[in-house]
Amino acid sequence: MRLLAAVLGGFGLIVAAPACGQPSSVAQQFEAANEAYDRGRYETAVEAYRAVLDAGHESAALYHNLGNAYVRLDRTGLAVWAYERGRRLRPGDPRLQHNLEYVRRRAELPRRGGAAGGLVALVVGWSPLLLFGIGMLAMCAGGLGAAVWDGPRRGGAWQGPAMRGLIGAGVLLVAVALATSYMQAQERRAVVVNKEATLRSAPTDTAPADTTLRSGVLVTPGAEREAWTRVQMWGRTGGWIPSGALAEI
């Protein structure tokens with residue numbers, strides 16, 4: 001418990017408002033949720049954070065605090081879900097990453113989840129923002145170099161291989177960043193939120209069981225049939241689990 005307090009308490013709650021331009025009632029509800037958390041009323045805090053989400057307002061700060069509350073309640077799957085949702089909004093946030101890794105280590109969960117397929121598998125873990133920034137810097141450097149080189153007595157600077165290379169590389173990186181952002185947004189992932197979920201060979205309770213998935217395990221959801229969802233895991237064949245055992249990220 002002391003370790004838990006050190007890990008989560010070290011970062012503390014994010015007290016910033018959950019979204020820009022939100023109604024004052026939403027901001028007050030967010031503050032009330034933070035206050036409930038500080039007083040150890042974690043169930044009340046979860047209800048208040050979820051109410052803000054239900055009102056249509058979300059942010060990395062909100063998911064961070066919600067994840068902390070779920071950790072305090074020992075709801076591993078929902079904590080992973082909240083942190084992962086926050087990371088989609090702010091991929092580079094160190095607090096989200098740190099707390100997520102702590103939860104995974106404590107529950108002995110694999111670091112990777114559902115298997116990405118096709119081109120999505122090539123961009124897993126890439127940072128679109130970093131690629132975009134490097135691309136813009138390369139284009140600016142190329143443009144600045146061309147402007148300096150292309151003095152009043154010298155022409156044809158745009159034909160210089162170095163300048164063309166920088167500008168071309170910058171354009172390519174920006175294009176890759178945009179494509180990566182789009183593909184990552186299209187990637188579907190879900191987390192098991194029940195304490196455990198039995199993976200079955202067919203969408204029925206009587207089908208043979210393959211394995212049991214623990215709370216917090218990441219999967220890739222696929223086809224749906226009534227109250228069942230087919231999922232895929234890293235290095236494993238797919239199977240069916242009850243849809244209610246999943247929360248999509």
J.: Suppose we screen for side-chain hydrogen bond (donor to acceptor under 3.5 Å, both in side chains). Which residues come up paired with N194, at least two apart in sequence or across chains?
T.: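 Result, side-chain hydrogen bond (donor to acceptor under 3.5 Å, both in side chains) vs N194: none returned.
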
J.: Could you give all pairs that pass the salt bridge (charged side-chain N to carboxylate O under 4.0 Å, His left out) test and reach residues 36-49, with sequence neighbours left out?
T.: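 Non-adjacent pairs meeting salt bridge (charged side-chain N to carboxylate O under 4.0 Å, His left out): E35-R39, E43-R75.
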
J.: Under a 4.0 Å threshold between the charged nitrogen and the carboxylate oxygen, would D74 count as salt-bridged to K195?
T.: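 No, this pair does not count.
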
J.: Among residues at least two apart in sequence or on other chains, which ones pass side-chain hydrogen bond (donor to acceptor under 3.5 Å, both in side chains) with Y63?
T.: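 Per chain and number, Y63 pairs via side-chain hydrogen bond (donor to acceptor under 3.5 Å, both in side chains) with E58, R85.
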
J.: Side-chain donor-acceptor pair under 3.5 Å between Y42 and N68, yes or no?
T.: no

J.: Mind checking side chain to side chain contact (heavy atoms under 4.5 Å, CB included) for V193 and listing every partner two or more places apart, or none if nothing turns up?
T.: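 Expected list: L78, V191, A247.
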
J.: Each residue besides W240 in its hydrophobic cluster should be listed here, by chain and number; the cluster joins Ile, Leu, Val, Met, Phe, Trp and Tyr at side-chain heavy-atom distances under 4.5 Å.
T.: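 Listed partners: W228.
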
J.: If you take all heavy atoms of A138 and G170, which pair is closest and at what distance?
T.: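 Residues A138 and G170, closest heavy atoms: CB-CA, 3.7 Å.
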
J.: If we ignore hydrogens and angles and just use 3.5 Å, is the side chain of R90 paired with the main-chain N or O of A61 as donor and acceptor?
T.: no

J.: So, using salt bridge (charged side-chain N to carboxylate O under 4.0 Å, His left out) as the criterion, who are the partners of R87 when residues are at least two apart?
T.: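 Testing R87 for salt bridge (charged side-chain N to carboxylate O under 4.0 Å, His left out), a comparison that skips the adjacent residues, returns E84.
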
J.: Would you indicate whether the side-chain heavy atoms of L218 and I249 approach each other to under 4.5 Å?
T.: yes

J.: I need the minimum non-hydrogen distance between S243 and T229, along with the two atoms involved.
T.: OG-OG1, 2.7 Å

J.: With side-chain hydrogen bond (donor to acceptor under 3.5 Å, both in side chains) as the rule and sequence neighbours excluded, what pairs involving residues 197-206 come up?
T.: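 Qualifying pairs: T204-T206.
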
J.: Can you give me the closest heavy-atom contact between G67 and A79, atom names plus distance?
T.: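 Taking every non-hydrogen atom into account, O-CB, 3.8 Å.
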
J.: Return the set of residues passing side-chain hydrogen bond (donor to acceptor under 3.5 Å, both in side chains) with R225 (not counting sequence neighbours), or none when no residue passes.
T.: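 Expected list: none.
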
J.: Taking side-chain hydrogen bond (donor to acceptor under 3.5 Å, both in side chains) as the test, write out the residues that go with S215, two or more places apart.
T.: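 None.
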
J.: Could I get the full list of side chain to side chain contact (heavy atoms under 4.5 Å, CB included) partners for A32, not counting sequence neighbours?
T.: none

J.: Checking E196 now: which residues fulfil side chain to side chain contact (heavy atoms under 4.5 Å, CB included) with it, not counting sequence neighbours?
T.: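 Per chain and number, E196 pairs via side chain to side chain contact (heavy atoms under 4.5 Å, CB included) with T212.
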
J.: Identify, with sequence neighbours excluded, every residue that meets side chain to side chain contact (heavy atoms under 4.5 Å, CB included) alongside A55.
T.: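 Result, side chain to side chain contact (heavy atoms under 4.5 Å, CB included) vs A55: H57.
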
